[in-house]
Colleague: 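One structure is given below, represented as structure tokens, and several questions about it will come after.
In the text below, chain A, chain B and the rest are named by the order of the sequence lines, each starting its count at 1.
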Number of protein chains: 2
Amino acid sequence: MNQAPKSAEMLETAVTELSLATAHLLRRLRAETDSDELGWSQLAILARLGNDGPASTADLARAESMKPQSMGTTLAMLEREGLVERRPHPTDGRQVLFALTAEGVEARRKRKIAKHEWLVAAMAKLDPAEQRILIAASALIRRLGDS
Amino acid sequence: MNQAPKSAEMLETAVTELSLATAHLLRRLRAETDSDELGWSQLAILARLGNDGPASTADLARAESMKPQSMGTTLAMLEREGLVERRPHPTDGRQVLFALTAEGVEARRKRKIAKHEWLVAAMAKLDPAEQRILIAASALIRRLGDS
DNA sequence: TATTGTTATACTCTATAACTATA
DNA sequence: TATAGTTATAGAGTATAACAATA
């Protein structure tokens, strides 16, 4: 008996645990958060535009596993709040590039703090080894989502 | 420079990564799943009733970080599908206990497999050390959600 | 013909509010 | 008066369908 998952059944158990636990964490996090904050996909869009620069609706939809129509709706909200702005694509007249506004840069910095306050406090209570596991797992979870 | 988070800022970064990555994974998982499956909270309810036995609406709501009204609605759906059944509480006439039906036991076994098929495949591609990190992290994430 | 984006509509999940019944 | 549950309504987030513009 070693620590590695050995069978499809063990992987299935692990996957069930992972998905139910993460679903619960996100529900909890929403319950603990003041509701006029930005949603997860909205924060993800700000992060992506901040890190990678301007991007089109279709690019962002692919990156965040959403349909382009849904991404369009979400971008329209962020635009209405003044956090992103439209730019014409230099060569392709169909595309619209979205970029962070100055206000969007500021929102990215500030508003994610409110959203995460509860989780920061909860994570601060873990010991350093446990925190390291979660940090390593975050990178793996991102890879799974992107794969 | 060691591996442990040392400041509030490092914890904030870690928390942002964790929440955005998990939110993306759950979106992706939904996109990859045939849509007539059970939702996450529905699967969580079946798991909890299967592991811990019958429970009331209020108990389940607390356990899954939902409002009792929302839990009531969700339980009503599961009842309509024949997966859970009502029982009177032995001593408290206000409470209703919910329990898995035989069909619910079966659903718990079968339908979560369909829901998780994609993630099992993705996780199977990780190496054993990475799988172990995710398994350890799942338990921590559950603790964070319950805390 | 394929791709990008928009608009309209609908569905899922969860919340809030108002109510009834029991403790 | 406090707690458990129900019903009605609303909101966020995302999907599908139908369409227009550009490649």
Side-chain angles (χ1 to χ4, degrees), chain A residues 19-20 22-45 54-81 84 86-98 115 145, chain B residues 19-20 22-45 54-81 84 86-98 115 145:
Chain A
S19 57
L20 291 182
T22 55
H24 184 192
L25 181 64
L26 289 176
R27 263 203 311 277
R28 177 73 187 271
L29 211 38
R30 177 174 43 190
E32 299 283 348
T33 302
D34 276 349
S35 59
D36 58 339
E37 287 304 323
L38 296 172
W40 297 115
S41 35
Q42 294 172 323
L43 282 175
I45 290 166
S56 72
T57 305
D59 287 338
L60 290 167
R62 268 187 293 272
E64 294 299 329
S65 302
M66 289 170 56
K67 296 294 172 187
Q69 298 99 315
S70 303
M71 182 55 75
T73 304
T74 306
L75 285 166
M77 286 183 216
L78 290 173
E79 190 188 21
R80 242 178 281 123
E81 296 193 41
V84 303
R86 287 160 192 271
R87 298 178 186 173
H89 189 285
T91 63
D92 186 338
R94 297 169 304 177
Q95 293 189 45
V96 181
L97 294 178
F98 286 85
K115 186 97 180 168
Chain B
S19 58
L20 291 182
T22 56
H24 184 193
L25 180 63
L26 289 175
R27 263 201 312 276
R28 177 74 188 272
L29 211 38
R30 178 173 44 193
E32 300 283 348
T33 302
D34 276 349
S35 58
D36 59 342
E37 288 305 322
L38 296 171
W40 297 116
S41 34
Q42 293 173 324
L43 282 175
I45 291 166
S56 72
T57 305
D59 287 339
L60 290 166
R62 269 188 294 274
E64 294 298 329
S65 301
M66 290 171 55
K67 296 295 173 189
Q69 298 98 315
S70 303
M71 183 55 75
T73 304
T74 306
L75 284 166
M77 286 184 216
L78 291 174
E79 190 188 21
R80 243 178 279 122
E81 297 193 40
V84 303
R86 286 160 193 271
R87 299 178 185 173
H89 190 284
T91 63
D92 187 337
R94 297 169 302 179
Q95 293 190 44
V96 181
L97 295 178
F98 286 85
K115 186 95 180 169

Colleague: Who passes side-chain hydrogen bond (donor to acceptor under 3.5 Å, both in side chains) against A:E81, sequence neighbours left out?
Modeller: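 side-chain hydrogen bond (donor to acceptor under 3.5 Å, both in side chains) check on A:E81 returns nothing, list empty.
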
Colleague: Nearest-Å distance, CZ (A:R30) to C1' (C:dT14)?
Modeller: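 That distance rounds to 6 Å.
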
Colleague: For residues 70-80 of chain B, run the donor-acceptor check on the side chains, cut-off 3.5 Å, and write out each pair with its distance to 0.1 Å, sequence neighbours left out.
Modeller:
unit_1	atom_1	unit_2	atom_2	d
B:T73	OG1	B:Q69	O	3.0
B:T74	OG1	B:S70	O	2.9
B:E79	OE1	B:R86	NE	3.1
B:E79	OE1	B:R86	NH2	3.3
B:E79	OE2	B:R86	NE	2.8

Colleague: Could I get the full list of side chain to side chain contact (heavy atoms under 4.5 Å, CB included) partners for A:E37, not counting sequence neighbours?
Modeller: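 Partners of A:E37 by the side chain to side chain contact (heavy atoms under 4.5 Å, CB included) criterion, ordered by chain and then number, come out as A:T33, A:R111, A:A114, A:K115.
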
Colleague: How close or far is atom P of C:dG5 from atom CG of A:L60, stated in whole angstroms?
Modeller: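 In whole Å, C:dG5 P and A:L60 CG are 9 Å from each other.
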
Colleague: What's the CG-C1' distance between A:L26 and D:dT14, to the nearest Å?
Modeller: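 Computing the A:L26:CG to D:dT14:C1' distance gives 15 Å.
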
Colleague: Return the value, rounded to whole Å, for the distance between atom CH2 of B:W40 and atom P of C:dT14.
Modeller: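 After rounding, the reported distance stands at 12 Å.
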
Colleague: Could you tell me which residues satisfy salt bridge (charged side-chain N to carboxylate O under 4.0 Å, His left out) with B:R94, sequence neighbours excluded, listed by chain and number?
Modeller: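 Partners of B:R94 under the salt bridge (charged side-chain N to carboxylate O under 4.0 Å, His left out) test: B:D92.
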
Colleague: Whole angstrom is fine here: how far is it from CG in B:D59 over to P in D:dA4?
Modeller: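 Taking CG of B:D59 and P of D:dA4, I get 8 Å after rounding.
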
Colleague: Can you name the closest pair of heavy atoms from A:L20 and B:A44 and give their distance?
Modeller: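 So the two residues come closest at CD2-N, 3.9 Å.
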
Colleague: Could you state the CZ-C1' distance from A:R80 to C:dT7, rounded to the nearest angstrom?
Modeller: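 Answer to the nearest Å: 12 Å.
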
Colleague: Send over the distance from A:L43 CG to D:dA12 P, rounded to a whole Å.
Modeller: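 About 15 Å, once rounded to whole Å.
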
Colleague: Under 4.0 Å, heavy atom to any atom of DNA chain D: which of residues 63-78 of chain B qualify?
Modeller: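 Residues of residues 63-78 of chain B under 4.0 Å from DNA chain D: B:Q69.
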
Colleague: Given atom CD of B:E32 and atom P of D:dT14, what is their separation to the nearest angstrom?
Modeller: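 B:E32 atom CD is separated from D:dT14 atom P by 16 Å.
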
Colleague: Counting only side-chain nitrogens and oxygens, does A:S41 get under 4.0 Å of the OP1 or OP2 atom of D:dT14?
Modeller: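 Yes, because at least one side-chain N or O of A:S41 sits under 4.0 Å from OP1 or OP2 of D:dT14.
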
Colleague: Using heavy-atom distances to pick each residue's nearest nucleotide on DNA chain D, tell me which of A:D92 and A:E37 is more 5'.
Modeller: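 Closest to the 5' end, via its nearest nucleotide, is A:E37.
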
Colleague: Closest to the A:R62 side chain: D:dG13, C:dT4, D:dT6?
Modeller: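 Nearest to the side-chain atoms of A:R62, counting from C-beta on, is C:dT4.
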
Colleague: To the side chain of B:R94, which of D:dG5, D:dA4, D:dT22 is closest?
Modeller: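 Nearest to the side-chain atoms of B:R94, counting from C-beta on, is D:dA4.
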
Colleague: Output side-chain donor-acceptor pairs under 3.5 Å for residues 55-66 of chain B, partner residues at least two apart or in another chain, one line each.
Modeller:
unit_1	atom_1	unit_2	atom_2	d
B:S56	OG	B:D59	N	3.1
B:S56	OG	B:D59	OD2	3.2
B:D59	OD1	B:R62	NH2	3.0
B:E64	OE1	A:R27	NH2	2.6
B:E64	OE2	B:R48	NE	2.8
B:E64	OE2	B:R48	NH2	3.0
B:S65	OG	A:H24	NE2	2.8

Colleague: Does some side-chain heavy atom of A:L26 sit less than 4.5 Å from a side-chain heavy atom of B:W40?
Modeller: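 When only atoms from C-beta onward are counted, A:L26 and B:W40 do not touch, as no gap falls below 4.5 Å.
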
Colleague: With a 4.0 Å cutoff (strictly under), does any side-chain N or O of B:R27 reach OP1 or OP2 of D:dA12?
Modeller: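 Indeed not, no polar side-chain atom of B:R27 lies that close.
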
